[in-house]
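All ligand and atom numbering here is 1-based and tracks the order in the structure. Numbering starts at 1 and runs along the sequence shown.
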Amino acid sequence: MMLPFADWLPRQRWYAGRNRELQDVRPQAVTHLHDDVDHMLLDVSFADGGTDRYQVLVRWDHPPSDEFVAAAHIGSDNGRMAYDALYDDDAARSLLSLIQNDTEIKGLRFTAEPGVRLPVEAPARVGDAEQSNTSVIFDSAAVMKVFRRVPSGVNPDVELGRVLARAGCRNVAALMGAVEGTDDDGAPLTFAMVNEYARNSAEGWAMATTSARDLFNQNELHADEVGGDFSGESSRLGEAVASVHRILAQELGESSAQLPVDAMLARLDSAAATVPEVAERLPELRDTLKATGPTEITVQRVHGDLHLGQVLRTPETWLLIDFEGEPGQPVEERRRPDSPLRDVAGMLRSFEYAAYQLLVGTPDDDGLAERAKEWIARNQNAFCEGYAEVAGYDPREHRAVLNAYELDKMTYEAAYEARHRPNWLRIPLLSMARLLG
Ligand SMILES: Nc1ncnc2c1ncn2[C@@H]1O[C@H](COP(=O)(O)OP(=O)(O)O)[C@@H](O)[C@H]1O
Ligand SMILES: O=P(O)(O)O[C@H]1O[C@H](CO)[C@@H](O[C@H]2O[C@H](CO)[C@@H](O)[C@H](O)[C@H]2O)[C@H](O)[C@H]1O
């Protein structure tokens, strides 16, 4: 197989190896699915000695519609032309049919959830979200997320999606099916998942930032007086998050553990090694975490990377999506039971982000800073009140533990922003400064 993957992969939006020197790409497994469609697993090796496994579906000698030819074109091999099959609606629909029929092809298991009818006749189209995988939307009825990097191990997105769908959870997009397999050592591999498509939904991030912007533009009014007040939504979002937590606890259990202060300190040290502003305040930040002391917490399976970009408002309710956990963490780490307060802290941080990112790059303005604080407090409080309605306790009753999780998230964000969006680094740094007082 001589397809030019080493040239093609780095040009894909979902390619995660941009800051590494790619050395070689080899097809590790090629499975013929049907007609002219092959499923390929690629072993990618890097100059730093690391490797990654990527997944590509290839349709031979059959370009998709004109709109997608350039995006789908991979190259030629032995006179045959290869295209990324996900851009081709026939090929995408045929994957749905394989799932609907619970097909197994050479270790690739296509399975539908019990009683599900997939829209196997629906028009299919690759979604246009900025994402680390590729999603194909089937006529606003179902969305198939095809994972691009395929690490060995249980994929928490499918694992928790299955548990929540089977428990009848209303606050997730129900899992409809999946494509799974096993690696040479018998460890699970997850290739794709199909979920109900949330029609007419809006992302929490877009709604929250619109609301904060409305307040910033109304000089004389307070957060509770402007048309775009978001606090009712924040409260309902708190209820939705608590409801998902409750179902995960019921279905998968709870136990006791110590607050993972050592892991938090290790993350802080590692962020300080790459972000000089964190290094400057490292002793105080370490002391703050250590002051939480040995604390017993209740742990269970949680979302793990919850923020306003991971929630969708449908006309009926809030949905939580993308249960993959924190990108960059090893799979087993992402599946480790943790306090639900980790997710609460993620949302509280996200309210800060929604308000403060509007001030990035603007001249200092005490009035605007006050209004941002007012919006944040109003929505954080509403979220916690909504959470308490369902959970039976208010997350703010556990202030010290919540602060530790918030600081841990700020640390993660500082490293994330320094790497991906340096002009937003100011947001977690200001939060750290406020926390230290
Ligand atoms: N079930 C769904 N219904 C409608 N839109 C969805 C659904 N799931 C995801 N999306 C949209 O697709 C985007 C990317 O999905 P996500 O699961 O976060 O992908 P990735 O893990 O590749 O980043 C989301 O931000 C959301 O806008
Ligand atoms: O959605 P992902 O799984 O890719 O999450 C990663 O990227 C997020 C950025 O989109 C990052 O979230 C941070 O920025 C958000 C606004 O863009 C903000 O709402 C979050 O609070 C903030 O943490 C997330 O941390 C990262 O894992």
Side-chain angles (χ1 to χ4, degrees), residues 12-16 55 86 125-149 155-158 160-161 164-165 171-176 190 192-209 212 237 267 271 303-315 317-329 334 342-358 360 376 379-380 383 405-406 408-421 423-425 427-428 431:
Q12 304 313 302
R13 184 164 66 188
W14 38 262
Y15 177 66
Q55 170 181 216
L86 297 178
R125 188 182 172 84
V126 168
D128 53 12
E130 273 296 323
Q131 57 175 136
S132 39
N133 300 295
T134 300
S135 290
V136 182
I137 298 160
F138 297 88
D139 194 25
S140 307
V143 51
M144 176 166 62
K145 175 154 90 172
V146 177
F147 295 101
R148 289 306 192 160
R149 267 199 295 176
N155 178 317
D157 214 356
V158 174
L160 298 187
L164 289 162
N171 298 110
V172 291
L175 183 78
M176 301 174 95
T190 303
M193 66 193 279
V194 182
N195 291 81
E196 272 177 17
Y197 186 78
R199 287 190 187 88
N200 302 320
S201 64
E203 251 186 47
W205 176 254
M207 293 173 70
T209 48
L237 183 53
R267 167 125 87 183
H303 182 284
D305 185 30
L306 196 59
H307 57 82
L308 284 161
Q310 308 276 42
V311 293
L312 298 177
R313 180 69 165 100
T314 69
T317 190
W318 279 102
L319 303 180
L320 278 57
I321 59 167
D322 202 0
F323 283 72
E324 273 184 285
E326 235 174 45
Q329 293 286 337
R334 293 194 250 141
R342 181 176 291 284
D343 286 346
V344 172
M347 287 305 308
L348 300 185
R349 292 288 313 130
S350 206
F351 286 119
E352 276 212 21
Y353 255 78
Y356 286 134
Q357 59 86 28
L358 294 171
V360 168
I376 293 163
N379 288 286
Q380 288 184 337
F383 177 85
Y405 278 108
E406 283 198 60
D408 190 48
K409 185 73 183 178
M410 290 171 206
T411 307
Y412 170 80
E413 289 163 355
Y416 179 90
E417 301 303 356
R419 195 163 168 187
H420 299 288
R421 302 184 290 205
N423 57 335
W424 282 27
L425 176 58
I427 302 175
S431 306

Take every heavy atom of Ser132, measure it against each atom of ligand 1, and state whether any distance is under 4.0 Å. yes

Heavy-atom closest pair, residues Val146 and Gln55: CG1-NE2, 3.5 Å

Would you mind checking which non-hydrogen protein atom is closest to atom 25 (O) of ligand 2, with the distance to 0.1 Å? Tyr412 CE2, 3.2 Å

Is there any N or O on Asn195 that sits under 3.5 Å from an N or O of ligand 1? no

Would you mind reporting whether Val344 and Phe383 have side-chain heavy atoms less than 4.5 Å apart? yes

Which one of Glu326, Arg421, Arg349 has a non-hydrogen atom at the shortest distance from atom 15 (C) of ligand 2? Arg421

For Gln310, is the nearest heavy atom under 4.0 Å from an atom of ligand 2? yes

Is it true that, when you exclude Arg421 itself, more than 12 heavy atoms of the residues, nucleotides or ligands shown sit nearer than 6.0 Å to its CZ? yes

In terms of heavy-atom contacts, does CG of Asp128 have more than 12 from other residues, nucleotides or ligands at under 6.0 Å? no

So the atoms of ligand 2 within less than 4.0 Å of a heavy atom of Glu413 turn out to be 21 (O), 22 (C), 23 (O)

Tell me: protein heavy atom nearest atom 6 (C) of ligand 1, and distance? Leu312 CD1, 3.7 Å

Hey, which atoms in ligand 2 end up nearer than 4.0 Å to a heavy atom of Lys409? 23 (O), 25 (O)

Nearest protein heavy-atom contact for atom 1 (N) of ligand 1: which residue, which atom, what distance? Glu196 O, 3.0 Å

Taking both backbone and side-chain atoms of Ser201, is any N or O found less than 3.5 Å from an N or O belonging to ligand 1? no

Would you mind running through ligand 2 and noting each atom that sits below 4.0 Å from a heavy atom of Ser350? 18 (C), 19 (O), 20 (C), 21 (O)

Taking 4.0 angstrom as the limit, do Glu326 and Arg267 come out as a salt bridge? yes

min-distance protein heavy atom vs atom 25 (O) of ligand 1 -> Glu203 OE2, 2.9 Å

for atom 19 (O) of ligand 1, nearest protein heavy atom and its distance come out as Gln131 NE2, 3.1 Å

State whether the shortest distance between N or O atoms of Val143 and N or O atoms of ligand 1 falls below 3.5 angstrom. no

